[in-house]
Structure formats: structure tokens, C-alpha cells
Amino acid sequence: MPPAAPNPHFRAARRALFALVPLLLAIAGWQWLQNHPQHNPWAPLDLRDPPGWATRTKLARLKEDVGACRAVLARSDIVFTALDAAGEGECARPDRTRLGDYPLSPDTPPVTCPVAIALELWRRDSVAPAARRILGSDIARIEHLGAFSCRRMYGASEGRWSEHATGNAIDIAGFVLEDGRRISVLGDWDGEGTEARFLREVRDGACKSFATVLSPDYNAAHADHFHLDQDGRWSGVCR
Ligand SMILES: [Zn+2]
């Protein structure tokens, strides 16, 4: 006796079920993304969300759009001032954004909005926790050597313009802790002590939000500071 042919109703039901699987998966995936905006490339960026798969892509998009970038600062409850454009030619600065509540010292210079966002993420996700964990104190001040400087790279008379020429970079020289200790890139980078460990960790941490990070490991010109910038080409140098 030949095997009985499958019931046509059963076959139709099975086909319908298989057709539903991708749809159900898509719905589940969409719902999951709604609950995890940090992984959702379509969700508006809010810096209060933990970092996720989509964070870097969203940050990169902001480099082309000052308005969208400042909207992220506002949405994330970060105090800032939007300053008037300044300069011209290679040193034109259409985006001068000053963080209002950031422990930079001796002052808080205007930077581009993408640099402001990266500074905020760096302080919150790397510098503050590393200081507490490794050095046992909170950060009082982050010392810098300047952001804007209308010059080419390394101050040369020709060649590529520095990211500093548009305020799209900042040089960090050291950190002052709440307990009064001061950790400097120049004085504490070498060795295996806790200060050196802290500096290496926050250097690596900066690479999560800045496009380019240059430290004493990169070359002698950076023996006394970390150069942090938001080069639109995302050089990816982190050394
Ligand atoms: Zn620099």
C-alpha cells in the first residue's frame, strides 16, 4: 500500500506557519530595539543611554550637522552655550560650542560640538570611574593646553591643517583629584604605578568617543599631553 499523501489542510497550515516565522522574528527584533535605543540606529541619540552598537554610527553622523549635534546635547541635559561662528578660511569655525558644566582647567574653551560630546562621554564613562577605581578619588579638574589654534599640523608652514585650526581637537595635560593629587601626562606616564595605570586606561577610554587619540606612545611631540580630536575621516589612530 503506498504511503498516504499528507492532508492538504495540514500542508497549508504548515506553509502559513513558516511564513509567519520571519514576521514574528521581525516584530520581536523591533520591540527589542525599542527597549534598547543604544543599539537602535533609528532612535534619537541620548547620551544618558549606555553605549551600544549604534552609538558610534550616530556620533559619526553628527559631524556633518551642528544643529543635530547640539540637539543631542540638549536632549541629554548637558549644559552648553552655542557661540557665534568665528574665523575664516582654513580656520573658520562655524561650530563653537562651550560646555557649561565641565571640570576643564584653566578654562573651558569653545570646541566643536562633536568634541564636546566626546569629552562628556569620556569624562563619564572613562575618567571618572577610572579615577575612583584606580586612584580612590573623584576628579576635581581636567587640565588642558588648548583647543583652538589656527595652524597646520605640528605648526609646519605647509601640509595638512591641524584639527586644532577649527577647534575640533583638545590637548589634555593632566588631572587633579578631589584629594589634591595631580597626575600629569609628562610626569606620570612612564612606569607601572597606579598613576601610569590610570593614564593608560583613560587614554584607551578616549578612543571610544574620539576619532583620533595621540599619547606619549605615539611620538615625542605628545610626551606631555593627549591629543584628542574628531577628525571627520575617523583616522582610528589610538596610540
Ligand atoms: Zn593637539
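Whatever order the structure lists ligands and atoms in, that order sets their numbers, starting from 1. Starting from 1, each residue takes its place in the sequence as its number.
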Residue [X], metal the Zn ion (ligand 1), N/O/S under 2.8 Å:
X: Glu163; answer: no
X: His227; answer: yes
X: His225; answer: no

| Centroid-centroid under 6.0 Å between His36 and Trp53 rings |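 No, they do not, as the ring centres are separated by 6.0 Å or more.
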| Can the ring centres of Tyr102 and Trp122 be said to be less than 6.0 Å apart? | no
| message | Tell me which N, O or S atom from Asp171 is the closest to the Zn ion (ligand 1). | response | OD1
| field | Minimum side-chain heavy-atom gap Phe198-Arg133 below 4.5 Å | value | no
| Check ion pair Asp49-Lys58 (N to O, under 4.0 angstrom) | no
